[in-house]
Amino acid sequence: MEDRIKESLKKAEVTYDLEVSSPGRVNLIGEHTDYNDGFVLPAAIDKRILMRFRANGSRTRCTVKSKGFDSVLVVDLSKMEKGTEGWHNYVLGVLDEIQLLTAGLRGFDCEMETDIPVGSGVSSSAALECGLAFGLNELFGLGLDRWQMIKLGQRAEHNFVGTQCGIMDQFSSVMGRKDHSMLLDCRSLDFEYIPTHMAPYVILMLNTNVKHNLSTSAYNDRKQESSSGLKIVAERHGVPNSFREITLDMVNGCREDLGELRYRRCSYVLEENQRVLEAVECLKNNDLTSLGKLLYESHRGQSEKYEISCPELDFLVDFSRDWEEVLGARMVGGGFGGCTLNIIHRDAVDSFVDAASEAYKKKFSIGLSPFQTVPSEGTAIINRHG
Ligand code: GLA
């Protein structure tokens, strides 16, 4: 059965109607603040997923072929249920959410390939969700706007994947702009493009190639811990239940009621929000040295207060501190593995990568995967045929 589908996709390769390119993202600063009504400063990147689509004339039969995984997902739109293989639920979740919003979805074939490292904190999943929604919206004239596509991608993760994620990843993938990061207020969803020029510095990502397997449950735990802490502080002070309505003084005043763990979670969120706003000022003033310091402080908060780092990430961030050419470094994304982001002078990249790779290998017996990246365009149709 699979062979037949593969064969037919191969034959159909030249007759795709539409090509979509959808990026991963890096987050300069503002981690685990999105689901806490906070601020984030992400950018879409030049690592992307490429998806080709065609309507196949069927009412409900869809195929999605992933080159990377060399497997084909076959979906019947009239019988949506959760899948077992990792990436399948991102696709199934998006299709389900689209069907809840519109009646226009029909059978299609899709083929995709990507150079975004999977499970590395740079949102290969949001790239997939947004590329899929974008392509199908265009292919079938579904009339969804960008925010609808962003939000349905987020709901797909909640309902099919089981991660209670915030809005940052899908927002970054869809709204990205070349040479800009984006200050997003996750409470109001207002956002501002911030010119992000770093020369002679560059953004260097070091992929630890580890993903600790409790990451989904630990992610959801963090959300629960911060919101239960917030509730205590807000109730005590009679203010609305939002991190934007409470202050560090209020959190400090409730330390005993909160207990140490919730105290750390809540104070981290407020401090990280403040760092995001300061980071924007640094970019506007072209003060990369101060931006770098904020990155280090942010990582400390993630490691010690929010506890979403891991030994591999901490090791790489610490390693970078001895290099004056590195202005700052921190973990990115959900945490518990994935990449560190380093702001480094371009002339030092090669020697730093060599030294970090050697030290990392020695310590963990794991190879490091470095890549440079730049703020790039968001999800877009790149080709229309026929
Ligand atoms: C994951 C989630 C985002 C965000 C980050 C942490 O990438 O999908 O919504 O919470 O973690 O900042």
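As the structure lists them, so they are numbered: ligands from 1, and atoms in each ligand from 1.
Counting atoms of ligand 1 from 1 in the listed order, those under 4.0 Å from a heavy atom of Met168 are 4 (C), 5 (C), 12 (O). Ligand-side atoms of ligand 1 in range of Gly166: 9 (O), range being under 4.0 angstrom from any heavy atom. Of all the atoms in ligand 1, the ones that sit under 4.0 Å from a non-hydrogen atom of Asp34 are 3 (C), 4 (C), 9 (O), 10 (O). Each of the atoms 2 (C), 8 (O), 9 (O) of ligand 1 lies under 4.0 Å from some heavy atom of Cys165. Close approach to Gly333 involves these atoms of ligand 1, each under 4.0 Å from a residue heavy atom: 6 (C), 11 (O).
Contact record, Ser21 with Leu50: CB-CD1, 4.2 Å, taken as the closest heavy-atom pair.
Residue, atom and distance of the protein heavy atom nearest to atom 10 (O) of ligand 1 are Tyr219 OH, 2.5 Å.
For ligand 1, the polar-atom distance check against Asp169 finds a nitrogen or oxygen pair separated by under 3.5 Å. Residue contacts with ligand 1: Thr33 is placed with no nitrogen or oxygen under 3.5 Å of a nitrogen or oxygen of the ligand (distance criterion only). Polar contact with ligand 1: present for His32 (N/O pair, distance under 3.5 Å).
No cation-pi contact links Arg346 to Tyr201, judged by a cut-off of 6.0 Å to the six-membered ring centre and 45° from its axis. Relative to the ring axis of Phe371, Lys47 places its NZ or CZ within 45° and under 6.0 Å from the centre.
Proximity of Arg25 to ligand 1, defined as any heavy-atom pair under 4.0 Å, is confined to the side chain (atoms from C-beta onward).
Here the two rings, on Tyr268 and Tyr263, have centers that are 6.0 Å apart or farther. Here the two rings, on His32 and Tyr219, have centers that are under 6.0 Å apart.
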